Structures are given as structure tokens and as C-alpha cells.
S.K.: 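The structure is given below, and queries will be raised subsequently.
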Amino acid sequence: MENKKTYYITTPIYYPSDKLHIGHSYTTVAADAASRYKRAQGYDVMFLTGTDEHGQKIQRKAVDKGVTPQQYVDEVVAGIKELWKLLDITHDRFIRTTDQQHVEVVQKIFKKLYDQGDIYKSEYEGWYCTPCESFWTERQLVDGKCPDCGREVELTKEESYFFRLSKYQDRLIQYIEDHPEFIQPQTRQNEMLNNFLRPGLEDLCVSRTSFDWGIPVSFDDKHVVYVWIDALSNYASALGFMTENDSDYKRYWPADVHLVGKEIVRFHTIIWPIMLMALGEPLPKQVFGHGWLILEGGKMSKSKGNVVDPVILVEKYGVDAIRYFLLREVPFGSDGVYSEEALVNRLNSDLANDLGNLLSRTVTMIDKYFGGVLPAFVDSKDPLDASLIELAEATSVKVEDLMEKLLFSNALAEIWKLVGRTNKYIDETMPWVLAKDEAKKARLGTVLYNLAESLRITAVLISPFMPNTPLRIFEQLGIVEDSDKVWASVKKFGALKAGAVVKKGGIIFPRVEFAKEEPVKEEPKKEAKQAPVKQEEAKKEEKAAAADPGYITIDDFAKIDFRVAKVLECERVEGADKLLKLQLEVGSEKRQVVSGIAKHYKPEELIGKYVVLVANLKPVKLKGIESNGMILAASNEGALTLVAPVSEISTGSKVS
Ligand code: MSP
């Protein structure tokens, strides 16, 4: 253990917003794949994730819910932990910024910076954006709003402590220029240098007095530490930095990579490195800012329903399919459009067709032609075999190179070239033709061995991305030796021993029919494709929307199609004393609706009356009678009245 090479990787710590969506899972699944890969390479990995629990935003949410901030975060954090379990995330440590050790470390960091003069007391007068937890000067505002998210900012005037960012600005510019690998991808480095560092840094306000859900400044407890100073410190506090038990810090720091979404690169490549410089600590080796998964309409939020709910998606398609999709669909670093349809397409083509069929064909043929027992490897020198073997042996080298650069999608594309080549090998060698000729039995055996061995190599290579599928492949191929399942075994074709007994199992990826959900109505788009800054806005809006848990959006409301309707006929439903069957006119259309209002209205009273109909409610049968919609009624303690337009208007008119 001691002489193993270490690899320290982190995700951002998540805000405990009510529910995470599939976009949130992206960083964590990526960090998990990188961690599993490094472990497979023999590294001693420390993979850290956690939750960012302090700040004004969380305090307000808790107040809205009528609970204490601690109660609020405890509940949400439990859900986040469950989600990571569901996605097979193998983090080694989970930090919460409410953990006592973290609190103490942040206080020590703050005190040290204060004692050495890097933090000083003054007064803050300026603007604060609560959804972003960001300070802005008058000059930085855009049309008086937050330049990041476009929301209202609050004028803040309070006694505050300040951190001398400006003192370290030139050192940081020099460091970034000397270490081109520090900020990745390259475009983000240019953005940081040109937009923030070279124009000049202002000292940062690092404490607040207007609320108390935060870490108190140890020597002045009417102040709490600014939430980003608190949050960024997690990467060191989780390892015991500045505590008696700092062996993990000594072992793993500096971090190999902080994986973060592009909107928080600024905090990780300016504030955090300057904190570390001021503390005299080495900087992380790399900050990698990945892009966002966006929905076709631009923003992703839980209000978009099941299509973005990772729990529902995992239930529907399985963990490995979701992980594969996240890592394959979008090059890490770029933005990508997410849709459930694209997910289903990938699942059907890459997983069910390419990989799943390859396995089932291979196992079926070994079963049929060799009684289920794997024939021996023969180095045949046949050019078809040679080309397959050459690609299989080269693939791991390419995957390793790409994984070092965190290019997950490209790594998977290389593995799927091998899958494609192996499928093509079946077409080229035509085992079913060889099987007809007894004299070609040995050749048939070699072909089937090569298929099984290529699949074994594929299974090992996909294991960082999809932890469950390799186990099923090994099982069906009858591979039991651990030595055939490890990364080192993929370098040389032919490791698989003859005599393995294959076991036909279920289809590993059944094809899925895609049923499109009712599209969520969007406000009409002014631009077909959103410019990056719009996406930034969209993302921030989405974050802020999550702060109003009880509200629905105008988009939610627009999903319901309310129409004015007129009752043409009405009768009682036999055997149901509460139900009336109504025939309605809705514009040019006729509708039958069954309604539970028989105790309040006689059928004849309603004929000719105008009502309001929910026209797009899924049809149901009540007492065997089809009901196509619902009419609105107000009720209160046993009283009930139908809702109707106050003056006459044509039926079919939209109510909104
Ligand atoms: N609490 C801060 C991070 C502090 S780290 C010291 C935070 N939390 S967050 O919950 O808002 O975001 C966590 C991560 O999820 C970020 O890396 C963010 O970029 C990522 N994503 C949130 N929505 C996303 C998509 N739609 N697509 C890809 N990643 C997304 O920021």
C-alpha cells in the first residue's frame, strides 16, 4: 500500500437541493469511471465527493419548508447518498461541510490567513447574488442584474472580512502560464486568464453577518465564513489538513484532479489556488471543467419530470446503460444535448445490438458446435485472425492514453471499434459454414476462441464505465479466474484458457421501445440554438427555480389543456349513485365525461350549461364507461359548484 502510486480525484460538493437530476450525475459518474480505471491500473485511489451545506440559499430553503437548516440538509443529503449507491459510485469518502472536522479546519484556515495579514476587516458595500452565492461590484453587473445568472441582486452593506486576492494575482498568472495542464480544457484556461486574472482581481469579501447558517469566524462569531471559502476547503479538510491526523493529507495531496462543471471553474482556479498559495500548500495538479448536459430547450431541471430523474431512468434502463450513455454521448469538456430518445438509441444500437448480440451469438455457437466447452487458442497466422488480434491488443493502449486525458467518450468509441471489428469477424469467418464441414472443425474452434477472447478483453476494458455488464459477460463465457478479469490481462491476446464452460444466460441488454412522453410545452424560443451565455443563464435559473419547492412553473401550468365546454346531454350512471354521464360540445368536437357530481346536480339541470373541461386528461373508465376528461368544480365542506365562464363564450375556447 505504502509504495503504491496515489491518485486523488474529487467531484464538486453538491448543494443539497431537493433532488438531483441526471445532469448532476454526470460529474460523479465521470469521476467514478476515472477512479475505477486508476484502481484497475494499480493506483491507491482517493475519490472524494460530498455536500456543500451552508449559506444563505440553504437557510432560506429551510425557512420556506419550516424546518431547521440542519434538518433540511440531513434529509436531502441522505437522498444524495442513496443516488450515488444506485449509480454504483465508489467514492472512498463523503464529506459534509457540516462535519465537525471540516468546521474546525475552515476556522483554522481563516484564522491563519487573518493572522498573517491576508484576511483583513473592512466593510462590504456592493451586490450579492444569492442563487450563485457570488459578490459583484456595481461595474460588474449587467443591466443591474447578476452577470452570471441574470437574476436580481441584493444590495449588501455589512462589516466584512476581506481576502487579499489581489496580492497573489501575478503569482497565479505566472503559475497558470508555467503549468498549461493546470486548467483543462485549454479554452477554460484562456477564459480565466483573459476575463478574470489579467483585468485584475479585487479583494474578496469572505464573511457575512446578515445570516448565521455557516461556519462562525472563530475570533469574531457574529461573522460566518463565505460559503465558497468553506466549500473549497473541503478538498483538504476531508484528508485531515491542519488536524492531528493528517496522514491522508500527506499521502494524497496535491489532488490529481478536481472535476468540476464549467460554471464553477472560476472558483476552483482563482480563489482555491490563491487560498493554497497563501497557506503555503501545493496547488492541485489539474482542474478539469466539463460541459453541461442540456435539454433541447436549453435548461435541465427537475421540473422537466421523469426524463431527467436519474432514479427513474435507472429503474427503466439499468445503471450500466445510464452510465454508458452519460460518458459516451458527449465529449467530456463540451456541452451536449440530453434526450431520453438519444439514450434509448444508444442503448439499442451500441449495447443491445453491438455488444449484447455479439455475446449471445458467441455463447450460442460455442454451445451448439462444441457442447459449451471453449476450444483452445491457436495462433493461426490467418490474416483475419491477425487483424482482430492486433486491434484487440492495441485497444487497451489507446484507452489508457485517452483515460489519462479524461476523454471518456473517445475511450468508449475505441472499445466499440473492437466490438464492431469482432462482429465483422463473425461475418467474415462465417462459423455456420465452417460447422457444416467436419474437416474445418479446428478452424471453427479457433474462430470461436477468438470471439470469446475478444469479448473477454472488451469486458475488462468497459469495467470502469459499466461495472455490472462485465460480470455478466464473464459468467456467460464461463470465465472464473480472477487473472482473466484484470486490466493487466488485456495486453496480450490469448490469455483465456481452453475448457471454460459457457453458460447461456439472459439477454444482457434487451432492446427498448421508446415511448415519447408528452412534450413539456416551452416558451417559444427566440434563438434556435442558445449561445453559451444563455445556457449559463438557463442553468442559473434552474438552480434558482429549485429554491421554490412548492411552486409550479408556467410551463407546468401550460401542460394542462383547459377548454370551455357545453353540456349537450346528461344522465345518471346505473349502479353508481355519485356519477353522471355528460355529453359535451367542445368546439367542433363531442366528448363524453363521467363526473362524480350526481349528489349535487340533477341531470336535467345541467343541460345547456357551460363548464370548464380538462381536455388532455388521460381517458379512464368509470364503472365501465369511458370518460374523456374532467370538468372543474369547487368544493368546500360538502358543498360543490361547477366552475363556469362568467359570460357566454364559444365552446372550445382555451382557458389559461
Ligand atoms: N456546491 C457547488 C460546488 C462547490 S465545490 C467546492 C455546486 N454545486 S451544484 O450542486 O450546483 O453542482 C454540482 C455539480 O453538478 C457541478 O459540477 C455542476 O456543474 C454539475 N451539474 C449541474 N447540472 C449539470 C448539467 N446539466 N450537466 C452537467 N453537469 C451539471 O456548484
Side-chain angles (χ1 to χ4, degrees), residues 9-31 48-58 61 73 76-77 79-80 83-84 95-97 102 106 131-134 148-149 188 225-238 255 257-273 275-276 284 287-304 307-310 325-327 329-339 408 530 535-547:
I9 182 169
T10 67
T11 70
I13 48 173
Y14 287 76
Y15 289 127
S17 54
D18 286 343
K19 266 204 154 176
L20 300 188
H21 56 63
I22 191 76
H24 288 116
S25 313
Y26 186 58
T27 326
T28 311
V29 166
L48 173 71
T49 188
T51 40
D52 182 0
E53 303 183 16
H54 291 125
Q56 195 163 358
K57 186 164 54 175
I58 306 285
K61 271 190 194 179
V73 292
V76 180
V77 170
I80 293 178
L83 176 62
W84 298 153
I95 185 165
R96 300 182 56 177
T97 53
H102 173 80
V106 170
C132 297
E133 303 279 17
S134 285
D148 263 4
C149 74
R188 312 231 188 270
V225 176
Y226 172 44
V227 67
W228 270 100
I229 297 287
D230 168 351
L232 290 161
S233 307
N234 93 87
Y235 301 126
S237 74
V257 60
H258 294 315
L259 283 191
V260 300
K262 63 180 185 179
E263 82 286 12
I264 54 174
V265 168
R266 183 164 66 94
F267 299 94
H268 285 80
T269 58
I270 298 178
I271 302 177
W272 180 225
M275 283 170 70
L276 289 163
V287 175
F288 193 109
H290 66 70
W292 291 335
L293 285 185
I294 50 181
L295 286 177
E296 263 148 8
K299 55 183 168 175
M300 185 173 287
S301 75
K302 281 295 290 188
S303 64
K304 301 292 175 185
V307 290
V308 298
D309 186 330
F325 174 76
L326 287 175
L327 298 171
E329 189 70 5
V330 184
F332 207 60
S334 319
D335 285 346
V337 176
Y338 165 85
S339 76
F408 304 99
Q530 291 201 328
Q535 290 163 1
E536 298 255 350
E537 283 169 19
K539 160 82 176 155
K540 300 287 174 182
E541 270 174 26
E542 160 204 324
K543 281 188 170 186

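Note that the coordinates shown come from a computational prediction; the quantities given were computed from them, not determined experimentally. Counting from 1, the numbers follow the sequence of the chain as shown. First listed ligand is number 1; within each ligand, the first listed atom is number 1.
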S.K.: Any idea which atoms of ligand 1 are less than 4.0 Å away from a heavy-atom of Gly291?
M.R.: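 Those of ligand 1 that fall under 4.0 Å from Gly291 are 28 (C).
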
S.K.: Between ligand 1 and Trp228, can you find any atom pair, the residue atom being a heavy atom, that is separated by under 4.0 Å?
M.R.: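 Within the 4.0 Å threshold, so yes.
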
S.K.: Which residue from Gly336, Pro131, Gly50, Gly23 reaches closest to atom 29 (N) of ligand 1 through any of its heavy atoms?
M.R.: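 Checking each option, the heavy atom nearest atom 29 (N) of ligand 1 is found in Gly23.
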
S.K.: Under 4.0 Å from a heavy atom of His290: which atoms of ligand 1 are those, numbered in the order shown and with their elements?
M.R.: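 Those atoms are 28 (C), 29 (N).
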
S.K.: With the side chain counted from C-beta on, respond yes when Val29 and Phe325 share a heavy-atom pair under 4.5 Å apart, and no when they do not.
M.R.: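 They are not in side-chain contact.
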
S.K.: Within this structure, what is the CD1-OH distance for the pair Ile80 and Tyr14, rounded to the nearest 0.5 Å?
M.R.: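 It is 9.0 Å, given to the nearest 0.5 Å.
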
S.K.: With backbone taken as N, CA, C and O and side chain as the heavy atoms from C-beta onward, which portion of Tyr235 lies under 4.0 Å from ligand 1: side chain, backbone, both, or neither?
M.R.: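 The answer is the side chain.
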
S.K.: Are any of the N/O atoms in Glu263 less than 3.5 Å from those in ligand 1?
M.R.: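 Yes; at least one N/O pair falls below 3.5 Å.
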
S.K.: Could you pull out all residues at least two apart from Arg188 that satisfy side-chain hydrogen bond (donor to acceptor under 3.5 Å, both in side chains)?
M.R.: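 Result, side-chain hydrogen bond (donor to acceptor under 3.5 Å, both in side chains) vs Arg188: none returned.
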
S.K.: Have a look at Asp335, Thr11, Ile13 and point out the one with the heavy atom closest to atom 2 (C) of ligand 1.
M.R.: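 When every heavy atom of Asp335, Thr11, Ile13 is considered, Ile13 comes closest to atom 2 (C) of ligand 1.
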
S.K.: Relative to the heavy atoms of Thr27, which atoms of ligand 1 are at a distance of less than 4.0 Å?
M.R.: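 Per the distance check, 15 (O), 17 (O), 20 (C).
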
S.K.: Could you tell me whether Tyr26 approaches ligand 1 through its side chain, its backbone, both or neither, with non-hydrogen atoms closer than 4.0 Å?
M.R.: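 It is the side chain that gets close, since no backbone atom is under 4.0 Å.
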
S.K.: Taking all heavy atoms of Thr28 and all of Thr11, pick out the closest pair and write down the distance.
M.R.: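 The pair with the smallest heavy-atom distance is CA-CG2, 3.9 Å.
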
S.K.: Please verify whether a non-hydrogen atom of Lys262 lies at under 4.0 Å from ligand 1.
M.R.: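 Lys262: no contact with ligand 1 (<4.0 Å).
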
S.K.: Tyr26: which residues meet the ring pair (Phe, Tyr, Trp, His ring centres under 6.0 Å) condition with it, sequence neighbours left out?
M.R.: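 Counting only residues at least two positions away or on another chain, Tyr26 forms a ring pair (Phe, Tyr, Trp, His ring centres under 6.0 Å) with His290, Phe332.
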
S.K.: Are Met275 and Ile229 side-chain neighbours, meaning at least one heavy-atom pair lies under 4.5 Å?
M.R.: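 A side-chain contact under 4.5 Å exists here.
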
S.K.: Minimum heavy-atom separation for Ala30 and Leu327, please, with both atom names.
M.R.: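 Minimum heavy-atom separation between Ala30 and Leu327: CA-CD2, 3.7 Å.
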
S.K.: Are a donor atom and an acceptor atom from the side chains of His258 and Thr10 found within less than 3.5 Å of each other?
M.R.: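 A pair is found: one side chain offers a donor N or O, the other an acceptor, under 3.5 Å apart.
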
S.K.: I'd like to check which ligand 1 atoms, numbered from 1 as shown, lie under 4.0 Å from a non-hydrogen atom of His268.
M.R.: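 So the answer, numbered in order with elements, is 5 (S), 6 (C).
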
S.K.: Distance under 4.0 Å to a non-hydrogen atom of Ala231: what atoms of ligand 1 satisfy this?
M.R.: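 With Ala231 as reference, the close atoms of ligand 1 come out as 6 (C).
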
S.K.: Looking at ligand 1, does any of its N/O atoms fall within less than 3.5 Å of an N/O of Gly261?
M.R.: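 Among all N and O atoms of Gly261, at least one is under 3.5 Å from an N or O of ligand 1.
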
S.K.: So if I count the atoms of ligand 1 from 1 in the order they appear, which ones are less than 4.0 Å from some heavy atom of Leu293?
M.R.: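 The atoms of ligand 1 under 4.0 Å from a heavy atom of Leu293 are 25 (C), 26 (N), 27 (N), 28 (C).
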
S.K.: Looking at every non-hydrogen atom in both residues, tell me the closest pair between Thr49 and Pro12 and how far apart they are.
M.R.: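 Looking at all heavy atoms of both residues, the closest pair is OG1-O, 4.0 Å.
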
S.K.: Are any non-hydrogen side-chain atoms of Tyr338 and Glu329 less than 4.5 angstrom apart?
M.R.: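 SC-SC contact between Tyr338 and Glu329 ruled out.
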
S.K.: Below a 4.0 angstrom heavy-atom separation, can you tell me which part of Asp52, side chain or backbone, both or neither, approaches ligand 1?
M.R.: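 Answer for Asp52: side chain.
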
